[in-house]
Each structure stands twice: as structure tokens, then as C-alpha cells.
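Following: one structure in C-alpha cells, then a few remarks.
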Amino acid sequence: MAKAGTKILVDTSPTKKVVVSGLTKDATIEACIFDLIDNSVDAASEAALVGAMADSGAMPSDYAGYKIDLRFSGAGFSISDNCAGIETKDLQEMVLRFGHRSPHLGGIGAFGVGLNRALFKLGRDSHLQTDTGKSRTELVLRVDEYLASEDWNLPATKFPSAGKIGTRIEITALPQEISQEFADADWAKNLRHEIGRRYARFIAKGLAITVNGTVAENEEIQLRENGPFEGEHKFYKSADGVAIIVKYGQHRDHRFSKETDYDKARNAQLTGEYGWNVLCNERAIKVADTSDKTGWETKFHSEFYGFVGFVSFVGDPEKLPWNTTKTDVDLNNPSYRMALTDMRKYAEKWRAFTDQRKRSPIPAPIPPKAPAKGPPSPPPLTSASRPSPTRSAPATKPAQPVIKPDHHQFRTILPSDVSEQHCVDKHLKVVHEAKALDLGDLSYSGLALMRMLFEFSVSAYLHRNSKFDELKQFAIDRRRSKGVTINPAEEKSFLPKIEEMLVYLEKNPDVWGAKQAHIKHSLKRMTAHIPTLNGAIHNPFQPIDRARVFSIRDELLPMLRHLIEM
């Protein structure tokens, strides 16, 4: 009889050297510096947001007063900010823990490795000082001593607050190759330029980032307004809640060869700025990319010169399509795959336009329009109003009542959160107008636009669900039953009237799927409001008050939203 074996435990715990080597091996110097900036930006975001907004995934609308200062020399590097500081408990329990993710839903310090990676990569000695206004904490990391020890804990010291909120990290004992880079003025200048591109959205909102005393400027590539090429923008959400905003158009300074102010030399200087820009929670991940990763299925060539596009992802950092160094996109991410479809389509639209312009004159630029009250599809998850943050922003967030937004308090036909994923071309433009038109100011135009929006949305919805031909045949048969002659040529270009659409939808409730009961009342109200909607266009003697216009909008909205989004 075999003897019973003795159970043993096999140690699979990693060594510090293996963890640190894996963490820093493929990270560039620039990526490590960006990691540190990301942490400061997140601290500024936390300080700028108050109450429930901080836990909602919101992005601040104002960073005025917040500063991040970077200093480089051959002897060392420092980064300091006047943001919220790090709570002593957080420093003890999570800030330097390998892989502990950011608790801020709208954050960019997403993967819990950035600070560690930077400290271990950039130098052998680091000194961290942080002050929240309540307490001050200091920590010293000597990399060689830490790696030689089996203890994973680092000693730190807590002091009373010095009254100066913020964090400062100083790194010395630099490796020779890093020391040489940090001593190079041109390297620092190039880094400042890259910071201006990567953090442009934050700089535009008032965040000040300085490199060796010089402020980094907002260097985000700008789109041309009122040029011959009319760009597009689109907003929708992925199944896991990530907001996606796609926008593209012509480079602000690019001119086509047939335009009167065309300058070949100027155009040539812009070639490095064409392509797609990918942003995650407003931090640029890819800038002016022309590779297959951003949908360029053929080699980027002169037909695409002038094209500039932006695709922005906003949401939980864990669900965004970036890699751990935030230098590339994750092609397997579901949100990115959704956006990639439009990115490819929009690049092809640009190519078709440039091909057409070779055979016909360039249309004259559109006259400038008056400043709009707001964008037709504002980026979601943004705090709307809040006192401007200052250097003395409170370290702790005061308790705030949770106020749920009233989704009926908007003055447009459609609220800005209606998904535009399925909208294309003319239908997309009408949806944008419905998000921009103020019903209080333009009540009659609003009624006419509601009618148009319904017709377009029904057609698009039935096309998506392979039901449009059925509607078309239903309308043809209905007219013939009333004695109207429709010949085969007329059948090909036949378009159902709005009244025929309503009768078809009433007789075929299965087209709504599981939402049948939800839509029934809204559809019934649409039928009742047709005389009013038609009268806004055809009857010059039909008065209507604004309150009724808003009431009609509210009754039609459930059906319009379903038609556009589903």
C-alpha cells in the first residue's frame, strides 16, 4: 500500500527586481514623465470637482489656478503642483501599491503603475512631499536599498500641514543616458511641445504646465471653419457606458489648390499634423496618426492631405481603449471597434471629396455665422457650473446635496445625450439641428423640424430593421385602393407620406420590438399633433403658444429617441 504523500507549498511570489524590471523595461522616459503629469492632473480634477460630481465620472470644465511645474537638469528632475495633495492614508494603502487603479471614474492615472514606474525608471533616489492642508507626508525611496530588502513597505513620515497644498517629487542619482537627456535644452523644448499636444484639452481649460520655467501652449490641431469641406461630428455610447465623440474636418491652415489663397509651401509644412487624434478622458493617446490602427486601410497619401479627425472616449478608465503606458490604442476594445467604423467611413468621405474637387471648381467658403449658444452635441460627463478653482482650493470636498438632473429641463427638441450611432449624412445633420434649435426662441421652426425629424427617423429606423420596403409597398397599395395610378417608373422613386407612415406604424406595432407598449402613447400623440405640425408649415393663420410646443416635444420624445437610437 502506497504511503500518503506530504503536502507542500510552492512559492510563486515575484521578486522585487522582476516586478520593477517588467514595469520599467518598455516604458520610455517621456511616458514616465507623462505618468507623473497624469497624477497631478487627476489631483487637480479631484480638487476642482465637489460633492457627488467627483464620483460621477465628470470632467471639470475649468482648471484655472492649477499649476504643474517640471524642472530638468543633468543632476536631477522635479515635478511639483498646487493640486489637492495626497492623503496620508491613501499614500499608506494604495498610491504606491503595484496595480492599484485610480478611484476617479473620469481619471487618466488609470492603471496604478505610473508613479511606481516613473520613480524606478528615472533615478535611484526619490523624495516625495505632499500636503493636503490637513497634514503633510514625506517619503524617501532609495531604489538600490529597496530592491535589496525583502520588505515591500516603505517608511514615510507624517507632519502637521505647512499650509501649502500640493505635491512635489524630486528624483536624483539619474542613470547616465537620462542625465544626458535632461541636460539637453532641445530635448526639454521637444518635451514641452509634446505636452502641449497631449494635454491640450486641459491647458485650454486653464491648467498651467511649465517646463524649466516656460509655459506649454495648447498645441491641439485646429479644424477650419466655414471652408469648402463641411466636416461632421457624432456622439454615441458603447454598451458599457463609454461616451464616444467623433469629429473630423479640414485642417485650419490647409487650402485646396483651386482656392485663391492656396500656398503649396504652407501646405507642405502641415503634413505631420494630418490624420486621427485619439483621446481618452481628454488626454491625447494618438496624435496625427495615419496608420492602420486608426482606420487607414491604404497607405496615407496626398489624397488625404488636409484631413484632421478627433475621436474622444470619456468614461471609466478601465473601459477606455488605451494601453498601460497611454501611448497606443487597444484594437480589441469594444468602444474603439465601434468608433473605428466611423473613422474609416469619414476618411473615405474626405477622399471622395478631394477626388471630386479635381474635376470641379472649389465651392466658395460659407460666410461666418454668429457665435452659437453652445455645441449641438456637447461632450457628456462634464460639470456645467462650479466656482473657479484657485490655488487655495480646499483639500477636502464639502458635503453637497445630491441633485438629480431633471431631463425635461432643456429647451431643444432633442437632449444632447441622444445617441447618434446610427445617424448618417442628412439624418445626422437634422439630429444635430434638433439638438441645437431653441424651441423657446424658434417655436414654429421647431415644429417644422419635429415633423422632418420624424419622417427621416422613421425611414432610417425601418431601413435598419429591413422594414422600409414593406412600408413602401403598404403606402403604394393604400393609394391604389383609393384610385391613384402609380406606374412602375414612379414605384422606383416612391416615398411614403408622413400620414402613411403613421397608419403603417399603427397597424404594425411589432416594428417596435420589446418597446411596443412604451411607444404606443407617443405614436398616438404624434397622430393627434399632425395638424399642428403641418399647420406650422402651411397655415399662416395658425397661432400656437410656446408652452404647447414644449408639451408636444415631451410627448413625441420617447418615440423619436427610440427611432434614432435603436
Side-chain angles (χ1 to χ4, degrees), residues 33-51 53-71 78-87 90-91 95 102-110 114-115 118 128-134 136-137 161-170 191-192 194-220 279-284 314 317 326 379 381-398 400:
I33 293 168
F34 295 154
D35 279 332
L36 296 176
I37 297 174
D38 290 344
N39 289 336
S40 292
V41 172
D42 277 348
S45 297
E46 290 280 358
L49 295 168
V50 294
M53 291 297 294
D55 300 317
S56 67
M59 304 295 294
S61 60
D62 190 357
Y63 287 90
Y66 290 103
K67 301 177 182 178
I68 304 170
D69 181 63
L70 295 92
R71 301 278 172 171
S78 69
I79 178 172
S80 56
D81 65 52
N82 67 341
C83 306
I86 303 171
E87 296 282 354
D90 290 342
L91 186 62
V95 171
S102 169
H104 180 31
L105 290 178
I108 54 175
L115 180 56
L128 182 150
Q129 306 171 70
T130 186
D131 196 323
T132 64
K134 295 186 300 182
R136 177 168 57 91
T137 311
S161 170
K164 188 176 180 180
I165 295 173
T167 298
R168 174 181 171 82
I169 299 172
E170 185 174 3
L191 179 73
R192 187 172 65 249
E194 194 63 23
I195 288 171
R197 303 207 302 173
R198 301 267 171 186
Y199 298 90
R201 296 285 172 95
F202 304 101
I203 294 170
K205 293 181 180 182
L207 180 67
I209 305 178
T210 56
V211 178
N212 286 348
T214 303
V215 176
E217 302 291 340
N218 173 5
E219 297 194 30
E220 182 168 274
L279 298 94
C280 292
N281 283 348
E282 301 193 324
R283 157 78 141 81
V314 181
K326 286 164 279 187
L381 306 176
T382 305
S383 56
S385 60
R386 154 183 62 259
S388 295
T390 63
R391 187 181 181 88
S392 58
T396 56
K397 307 182 191 81
Q400 298 286 328

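Pairing each heavy atom of Ile165 with each of Gly85, the nearest pair is CG2-N, 4.3 Å.
The CG atom of Leu70 sits 8.0 Å away from the OG atom of Ser40 when rounded to the nearest 0.5 Å. Between the CG atom in Leu36 and the CD1 atom in Ile68 there is a gap of 10.0 Å [rounded to 0.5 Å]. Taken from CG in Asp38 to CG in Leu115, the straight-line distance is 11.5 Å, to the nearest 0.5 Å. Between the CG atom in Leu207 and the CD1 atom in Ile37 there is a gap of 9.5 Å [rounded to 0.5 Å].
Aromatic ring orientation, Phe202 versus Tyr199: tilted (interplanar angle from 30° to 60°).
Just one residue in the list Glu282, Glu220, Glu219 forms a salt bridge (charged side-chain N to carboxylate O under 4.0 Å, His left out) with Arg201, and that residue is Glu220. Test Thr132, Thr130, Thr137 against Thr167 for side chain to side chain donor-acceptor pair (under 3.5 Å) and you get one pass: Thr130.
Looking at Asp35 and Lys326, their side chains come closer than 4.5 Å, going by heavy atoms from C-beta outward. With contacts defined as side-chain heavy-atom distances shorter than 4.5 Å, the pair Ile203/Glu217 does not qualify.
One finds no salt bridge joining Asp69 and Lys67 here, because no Lys/Arg side-chain nitrogen approaches an Asp/Glu carboxylate oxygen to under 4.0 Å.
A donor-acceptor contact shorter than 3.5 Å links the side chain of Lys205 to the backbone of Pro60. For Asp42 (side chain) and Gly107 (main-chain N/O), no donor-acceptor pair under 3.5 Å exists by modelled atom type.
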Salt bridge (charged side-chain N to carboxylate O under 4.0 Å, His left out) between Glu87 and Lys134, intermediate numbers included: CA-CA 9 Å; Glu87 296 282 354; Lys134 295 186 300 182; 3.4 Å; yes
